[in-house]
Structures are given as structure tokens and as C-alpha cells.
Amino acid sequence: MNILCVYVDGGKGHYIPARAVQEQLMEMGHNAILVDFFEFLNIKFIGKVNKYVWRKLLEHSSIEMKFSKKNDQNTKEIESVARILNVTRKKRFLRMIEKYQPDMIFTTHPYPDYFLSSLAVETGSSVPVTYYATDVFTVPMSAVSNNLKRLYVATQEGYDSALERGQKKETLRLCPFPLQKSCMNSRKLTKKEARSLLGLKEDLFTLQINFGGEGVGATSLLKSLKDIPSRMQVVIIGGIEDKTRRELDKITESLPSNIEVHIAGYVTNVNDYILASDIIAGRSGINTLVEAFYLRRPFLITELVYTVISSADYVEKYKVGWNADHDIEKQLSIVTQYAKTPSLLDEIDRNFDDIPIKYSARELAQMITDDAVEE
């Protein structure tokens with residue numbers, strides 16, 4: 001089977017699941033090709049603008065909240081763009097279908113979900129377009145499209161939100177979360193083993209501050225640690241730019257001797273750093289959050305963007321973390337409490353058993369191919 005896995009190059013949240021499913025499809029013997037949506041339609045300049053704007057919005061979360069909320073509640077804009085693309089990109093779409101001869105298009109972003117399914121209908125193409133909802137805990141209005149053959153979502157909450165927003169029930173599938181291979185196959189190390197592997201103190205309370213693949217995050221929590229009396233170590237990971245690293249170095253120098261800071265930056269063995277940590281703090285990026293669920297580490301949400309507000313509700317519903325969005329006093333209080341008495345984490349560990357998410361990129365890959373054959 002020929003399958004196009006279409007993502008948007010705007011952040012790791014949409015690329016990682018597309019790649020995870022593509023890898024599994026290839027291992028299953030299918031011909032699966034990973035392609036960026038804007039390249040697929042030959043509108044790469046718009047893709048660059050989209051990536052730049054999204055990154056700037058992440059740097060200013062209060063503006064992002066207003067911008068994304070407005071876009072989510074108003075579908076007129078995406079409908080207007082679809083009409084334009086149906087006219088201007090129709091020939092390009094048909095050429096790409098002729099080039100790749102796909103049996104199915106699998107997408108991980110609302111843009112290719114909505115626009116490619118619309119183009120398929122406009123051109124009379126029989127190629128089914130399917131979408132995996134990367135927001136997981138909710139499905140944005142911009143992703144709701146009954147031109148889709150299937151909409152896959154990994155939580156009941158996400159499934160229900162899609163249904164409430166108008167997605168036809170017969171197109172919806174509750175599916176496993178496509179955990180990337182490096183995490184799914186990670187060695188089940190103890191905290192001490194993981195810390196030893198990473199050159200950290202084996203018996204010291206460990207806080208991870210995660211800046212994500214884009215390296216966008218706040219430094220306020222690190223600054224506030226000067227008021228914590230307990231000994232602890234802090235590990236900072238993510239795609240940290242030189243300017244941010246200099247700021248982190250300066251903050252580190254000002255902290256008292258009971259706080260050890262290790263700036264690891266971008267790493268490929270994120271799972272080892274998760275396993276080494278007692279608490280993970282940062283933006284609630286969906287992949288990082290769900291990987292923390294899988295590896296049973298509580299998540300302290302320090303900043304929220306609009307698209308993942310529902311993830312904070314999920315964390316608190318299952319008591320596997322805390323929503324302290326821009327509340328530095330609450331963040332500091334939580335870290336102080338658990339650094340002083342790490343045994344309190346045992347109760348949180350038991351709560352991970354209650355999370356109903358199933359984890360398997362391979363099972364999702366099998367599901368989408370089975371559904372394609374049924375068509």
C-alpha cells in the first residue's frame with residue numbers, strides 16, 4: 001500500500017506522530033512517504049511564514065491565547081482559504097496524486113486535514129484523506145471536516161469534542177497514541193540508573209525543566225529556586241538558542257549551592273531524562289506530556305497555549321500533575337513540597353494506572369491500513 005504521511009513543519013508536535021506512524025508503516029511492508037503539506041502544494045513561502053508566526057506566538061503566550069481562540073471559534077477563514085486552494089492548487093494536487101499514486105493520505109495537522117480532504121472532493125479523487133488529532137484531548141473546529149474518511153483521536157475526551165463540534169460519528173475512531181519508537185522501546189531504568197547514566201547525582205531530587213524542541217520557554221521557575229532550602233538538581237533540556245543559554249548560565253550563577261543545574265540542551269535520549277526526573281516542568285506540549293504519562297512522571301505545567309488547555313484539565317482529572325499556568329508562586333510551592341518530601345510522589349505514581357490512554361504507533365498504523373482496505 002502507498003501511503004502519504006503529511007505533516008506541517010511548524011513544530012515537533014505534528015511531525016513526531018507523522019514520523020512515528022510512517023516508521024511503523026514501513027516496518028509493516030508498506031511504502032510510506034513523509035512530506036510537508038506546504039511543499040506538497042508548492043506553497044513553501046506560506047509555510048515559512050506560518051512557522052515564523054507560530055514561533056512568535058509561542059514566545060508571547062497571552063497573544064497566542066487570543067489569536068488561537070478566535071481562529072478556533074471562527075471557521076469562516078479556513079473555509080475561505082479552502083475555496084482559494086480548490087481553485088489555485090487543484091492542478092498541483094492532481095499532479096502530486098499522479099506522482100505518488102497514494103492509496104491513502106494520512107495527516108497530523110488541521111491544515112492538510114481540511115484542505116487536502118476538500119481538494120480530494122473538488123477534484124473527484126478517490127484517495128481517502130485521514131487525520132490523526134495531535135491535540136489529543138480536544139479536536140479544534142479547524143480540524144472538523146466531514147470530507148475526511150476517518151478522524152483518529154487517542155482519548156475519549158477528544159472523541160467527544162469532535163462529535164460535539166460536528167464531526168460525523170461514522171468517521172471517528174478512538175485510537176492508540178502513536179508514541180515515538182525511542183520512548184516506546186526505552187529501557188525501563190530506575191531513577192538512580194537513569195541519573196547514573198546521565199552523570200547526575202543518584203540520590204538527589206531531580207527537577208526537569210523542558211523547553212521543548214522549539215526551545216521556547218520561561219526562565220522564571222529556575223530563578224525562583226533560590227528560595228528553596230532543599231538540596232536538588234535541575235536538568236534543562238530543549239532546543240535552547242545561544243541567547244537563552246547565556247540567560248540560563250547567568251541565572252545558574254546566582255543560585256545558592258544547594259541547587260545544582262545541568263543545561264543539557266537538545267538531546268536525542270529524552271526518555272532517559274524523563275526517567276531520571278522526579279518532576280517535569282514546562283509547557284504542556286502534547287508529545288512531552290504523554291511521554292511523561294507513559295514513563296510515569298508527574299508534569300508541572302508552567303505555561304499553556306490555547307490548543308492544549310484541555311491537556312491541563314486531563315492532568316488534573318487524573319491527578320498526575322499540576323496546572324500552574326504562569327503562577328510562579330504555585331510552581332515554587334509544588335517543587336518545594338516534593339523536594340522536601342519526595343515520598344509524596346508515590347501516590348501520584350499510582351494514579352498513572354488510571355489513565356485510559358493506549359500507547360502504540362504500530363497499532364494506529366495497523367488501524368489506518370485496515371480502515372483503508374475496508375473502503
Side-chain angles (χ1 to χ4, degrees), residues 11-13 16-17 58 61 64-65 68-69 72 133-140 153-162 174 176-180 183 205-213 216-218 220-221 235 237-238 270-271 273-339 342 344-359:
K12 300 297 183 184
I16 288 175
L58 288 179
S61 56
E64 184 277 336
M65 279 283 184
S68 296
K69 183 177 181 179
D72 184 37
T134 47
D135 292 320
V136 178
F137 307 104
T138 189
V139 174
V153 61
T155 67
Q156 187 64 49
E157 288 81 358
Y159 183 102
D160 292 342
S161 77
L174 194 60
F177 181 90
L179 204 66
Q180 58 182 324
C183 186
F205 181 89
T206 305
L207 170 69
Q208 179 191 133
I209 298 179
N210 193 306
F211 275 68
V216 180
S220 52
L221 176 56
V235 179
I237 69 171
V270 175
N271 49 294
Y273 283 90
I274 293 175
L275 289 168
S277 304
D278 288 293
I279 291 175
I280 299 167
R283 291 177 182 267
S284 57
I286 297 296
N287 287 295
T288 303
L289 185 68
V290 178
E291 286 173 7
F293 290 172
Y294 178 71
L295 296 174
R296 307 176 74 92
R297 295 296 183 268
F299 204 102
L300 171 58
I301 298 170
T302 58
E303 296 176 84
L304 276 175
V305 295
Y306 179 78
T307 53
V308 293
I309 288 175
S310 55
S311 67
D313 297 333
Y314 199 87
V315 162
E316 295 199 319
K317 175 182 178 180
Y318 288 98
K319 296 181 173 61
V320 290
W322 312 268
N323 177 14
D325 179 31
H326 288 91
D327 187 341
I328 190 60
E329 289 186 8
K330 183 176 180 180
Q331 294 168 27
L332 182 60
S333 174
I334 290 166
V335 175
T336 300
Q337 179 184 13
Y338 287 90
L344 293 173
L345 293 168
D346 294 342
E347 182 178 349
I348 297 177
D349 182 68
R350 290 189 288 271
N351 295 337
F352 287 106
D353 293 331
D354 297 327
I355 293 179
I357 296 174
K358 189 173 185 178
Y359 310 92

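Predicted, not measured: the structure shown is a model, and the values here were computed from it.
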Apply salt bridge (charged side-chain N to carboxylate O under 4.0 Å, His left out) to Arg296 and Asp353, showing your working.
-> CA-CA 9 Å; Arg296 307 176 74 92; Asp353 293 331; 3.0 Å; yes
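- Distance check, rounded to the nearest 0.5 Å: CZ of Arg283 to CG of Leu304 gives 9.5 Å.
- Applying the side chain to side chain donor-acceptor pair (under 3.5 Å) test to pairs two or more places apart or on separate chains, none has a residue in residues 330-339.
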List the steps and the verdict of salt bridge (charged side-chain N to carboxylate O under 4.0 Å, His left out) for Lys317 and Glu157.
-> CA-CA 11 Å; Lys317 175 182 178 180; Glu157 288 81 358; 2.7 Å; yes
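- For the side chain to side chain contact (heavy atoms under 4.5 Å, CB included) test with Leu207, the passing option among Ile280, Asp278, Ile279 is Ile279; the others fail.
- Looking only at atom types and distance, the side chain of Glu347 has no donor-acceptor partner in the side chain of Asn351 under 3.5 Å away.
- The shortest heavy-atom contact between Gly321 and Pro298 is CA-CB, 4.5 Å.
- Distance check: Asp135 CG to Thr155 OG1 gives 10.0 Å after rounding to the nearest 0.5 Å.
- Judged by distance alone, with hydrogens and angles left aside, the side-chain atoms of Asn323 form a donor-acceptor pair with the main-chain N or O of Asp325 at under 3.5 Å.
- The heavy-atom pair separating Leu300 from Ala324 by the smallest distance is CD1-CB, 3.9 Å.
- Listed by chain and residue number, Phe293, Tyr314, Tyr318, Val320, Phe352, Ile357, Tyr359 satisfy the side-chain contact (heavy atoms from CB on, under 4.5 Å) test with Ile355 (two or more places apart in sequence, or in another chain).
- A search for salt bridge (charged side-chain N to carboxylate O under 4.0 Å, His left out) contacts involving Asp346 returns nothing, not counting sequence neighbours.
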